[in-house]
Amino acid sequence: QVQLVESGGGLVQAGGSLTVSCAASGRTFSSYTMGWFRQFPGKEREFVAAIRWSGGTTYYADSVKGRFTISRDNAKNTVYLQMNLLKPEDTAVYYCAAAYSITVVGVASNYNSWGQGTQVTVSS
């Protein structure tokens, strides 16, 4: 069973940077896609970024392209989301997710394993 544990959320000022991490365990992840989603109060989870564990192809939502970077460390089975030039509208709970052998990476329902979420708050 896949287990995902996020860490690294917190409070940061607008324009600042923050990196959140997702430690994955329970599987060999070579055929997995790892995603980051975020959820605003009262809203559905929205896609932020994803990475194919094998090959490292990355995908980004338009709203974060050029500001956020997703990466993975194979040795540590950890996925990172580096967030730069943060805006108050980036304030949300950020979730790590894992999906086995999917084609469409930006749809939350395609992922069947989720972390507990980590709060990111950007002050103006």
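For the residue pair Tyr111 and Gly35, the shortest heavy atom distance occurs at CE2-N, 3.8 Å. Ala14 approaches Ser124 most closely through the heavy-atom pair CB-CA, 4.3 Å. The two residues Asp73 and Ala75 come nearest to each other via the heavy atoms OD1-N, 3.0 Å. Nearest heavy-atom pair across Ala98 and Val2 is CB-CG1, 4.2 Å.
Atoms CG and CZ, on Leu85 and Arg67 in that order, are 7.0 Å from each other to the nearest 0.5 Å. Remark: Ile70 CD1 to Cys22 SG distance equals 9.0 Å, nearest 0.5 Å. With rounding to the nearest 0.5 Å, the separation of OG1 in Thr69 from CG in Asn84 is 6.5 Å.
Under a 4.0 Å N-O distance rule, the pair Asp90/Lys87 does not qualify as a salt bridge.
Side-chain atoms of Thr78 come within 3.5 Å of backbone atoms of Lys76 as a donor-acceptor pair (strictly under, hydrogens ignored). Side-chain atoms of Thr118 come within 3.5 Å of backbone N or O of Gly9 as a donor-acceptor pair. Using a distance-only test at 3.5 Å, with no hydrogens or angles considered, a donor-acceptor pair links the side chain of Asn110 to the main chain of Val104. The backbone N or O of Val122 lies less than 3.5 Å from a partner atom in the side chain of Thr91, making a donor-acceptor pair. Not one N or O on the side chain of Gln3 forms a donor-acceptor pair closer than 3.5 Å with the backbone of Ala24.
Using a 4.5 Å cut-off on side-chain heavy atoms (C-beta onward), Tyr94 and Glu6 make no contact. Counting only heavy atoms from C-beta outward, the side chains of Ser71 and Gln82 never approach each other to under 4.5 Å. Using a 4.5 Å heavy-atom cutoff, the side chains of Leu4 and Met34 are in contact. Looking only at side-chain heavy atoms (C-beta outward), Tyr95 and Gln39 come within less than 4.5 Å of each other. With contacts defined as side-chain heavy-atom distances shorter than 4.5 Å, the pair Ser123/Val12 does not qualify.
Residue pairs that meet the side chain to side chain donor-acceptor pair (under 3.5 Å) test with at least one member in residues 47-61, sequence neighbours left out, are Thr33-Arg52, Arg52-Tyr59, Trp53-Asn74.
Other residues, nucleotides and ligands contribute at most 12 non-hydrogen atoms within 6.0 Å of the CD atom of Gln13.
By the ring pair (Phe, Tyr, Trp, His ring centres under 6.0 Å) test, Tyr32 pairs with Phe29, Tyr100, sequence neighbours left out.
In this model, a donor atom of one side chain and an acceptor atom of the other lie less than 3.5 Å apart for Thr121 and Gln119.
Taking the six-membered ring for Trp, Trp36 and Phe68 have ring centres at least 6.0 Å apart. The aromatic ring centroids of Phe47 and Phe37 lie less than 6.0 Å from each other.
Considering Val64, Val120, Leu81 as possible partners of Arg38, the one that fulfils the side chain to side chain contact (heavy atoms under 4.5 Å, CB included) test is Val64.
Hydrophobic clustering (ILVMFWY, side-chain heavy atoms < 4.5 Å, transitive): Val105 and Ile51 are in distinct clusters. Val20 and Leu86 fall within the same hydrophobic cluster, where Ile, Leu, Val, Met, Phe, Trp and Tyr residues are linked whenever their side-chain heavy atoms come under 4.5 Å apart, directly or through other members. Cluster membership check: Val93 shares its hydrophobic cluster with Trp114, using side-chain heavy-atom separations under 4.5 Å among Ile, Leu, Val, Met, Phe, Trp and Tyr.
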